[in-house]
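Please read the structure below before turning to the comments.
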Amino acid sequence: MGGAPVAEVATDQLQVWVDQDLCTGDGLCVQYAPEVFEFDVDGLAYVKGPDGELRQAPGARVDVPEHLRLEVIDSAKECPGECIHVVRGSDGVEVAGPEAEDD
């Protein structure tokens, strides 16, 4: 009946990026998902790829590992700086973060 779209969304690849201009350096994201977020020497959070390297270019995105989807989404929802954006890889629609429709 309409189950296919729900399954499709649930399995869609997610990507995440951090807006350093809004980052407060609170560190919730690093606590939630240290495999995805890390502080740089400037005290701001950045995303890092599977190679462990920080992505420092503004708006740089990384894929969210499937086993960390909930942690990354929670970090976006709880972030006091509202600087974490989680988007669907297929169409770029924000699913968690300041521009998400259901937040």
Side-chain angles (χ1 to χ4, degrees):
M1 245 205 202
V6 173
E8 196 174 297
V9 169
T11 59
D12 201 357
Q13 178 63 55
L14 298 180
Q15 296 181 326
V16 62
W17 63 280
V18 176
D19 183 346
Q20 282 77 29
D21 290 339
L22 299 176
C23 181
T24 61
D26 188 87
L28 278 177
C29 59
V30 176
Q31 292 174 9
Y32 273 110
E35 290 177 52
V36 176
F37 303 103
E38 187 174 308
F39 285 124
D40 198 10
V41 293
D42 60 7
L44 302 177
Y46 291 82
V47 292
K48 58 184 177 178
D51 57 1
E53 292 294 316
L54 297 185
R55 303 299 194 253
Q56 294 173 305
R61 298 177 178 185
V62 297
D63 290 339
V64 176
E66 191 163 327
H67 68 284
L68 292 174
R69 288 168 69 106
L70 290 178
E71 289 83 352
V72 170
I73 289 170
D74 284 347
S75 68
K77 290 182 176 181
E78 301 296 326
C79 176
E82 296 189 342
C83 67
I84 299 171
H85 301 264
V86 182
V87 299
R88 283 195 307 247
S90 60
D91 59 10
V93 170
E94 188 151 319
V95 296
E99 296 170 17
E101 289 183 18
D102 62 350
D103 235 5

Minimal heavy-atom distance between W17 and V47, with the atoms involved, is CA-CG1, 4.0 Å
Rounded to the nearest 0.5 Å, the CD atom of E71 sits from the OH atom of Y32 at a distance of 9.5 Å
One should read off an interatomic distance between Q31 CD and E78 CD, to the nearest 0.5 angstrom, of 11.5 Å
In short, S75 meets F37 closest at the heavy-atom pair OG-CE1, 3.4 Å
Closest non-hydrogen atoms of V62 and R55, given as atom of the first, atom of the second and distance, are CG1-CG, 3.6 Å
Worksheet item: Is the shortest heavy-atom distance from the side chain of S90 to the side chain of Q13 under 4.5 Å?
Response: no
One should read off an interatomic distance between L22 CG and H85 NE2, to the nearest 0.5 angstrom, of 6.5 Å
Scanning both residues in full, the closest heavy-atom pair of A76 with G97 reads CB-N, 4.0 Å
Q) Can I84 be reached from L14 by stepping across I, L, V, M, F, W or Y side chains whose heavy atoms are under 4.5 Å apart? A) yes
Exactly one of D19, T24, D21 clears side-chain contact (heavy atoms from CB on, under 4.5 Å) with C83, and that residue is D19
* Asked: Is there a donor-acceptor pair closer than 3.5 Å between any side-chain N or O of E94 and the backbone N or O of E99?
  -> yes
task = Ignoring hydrogens and angles, tell me if any N or O in the side chain of D40 forms a donor-acceptor pair with the backbone of D42 under 3.5 Å.
result = no
Rounded to the nearest 0.5 Å, the CD atom of E53 sits from the CD atom of E38 at a distance of 9.0 Å
Practice task
Tell me whether L28 is reachable from F39 by hopping between hydrophobic residues (I, L, V, M, F, W, Y) whose side-chain heavy atoms are closer than 4.5 Å.
Solution key: no
Close side-chain approach of V18 to Y46, heavy-atom, < 4.5 Å:
no
* Asked: How about P65 and V36: do any of their side-chain heavy atoms sit closer than 4.5 Å?
  -> yes
I'd like to know if the side chain of K48 reaches the main chain of P34, judged simply by a donor and an acceptor atom lying under 3.5 Å from each other, with no hydrogens or angles considered. yes
Separation between CD (Q56) and CG (L44), nearest 0.5 Å, reads 10.5 Å
Are V30 and V86 linked, directly or through other ILVMFWY residues, by side chains that come within less than 4.5 angstrom of each other? yes
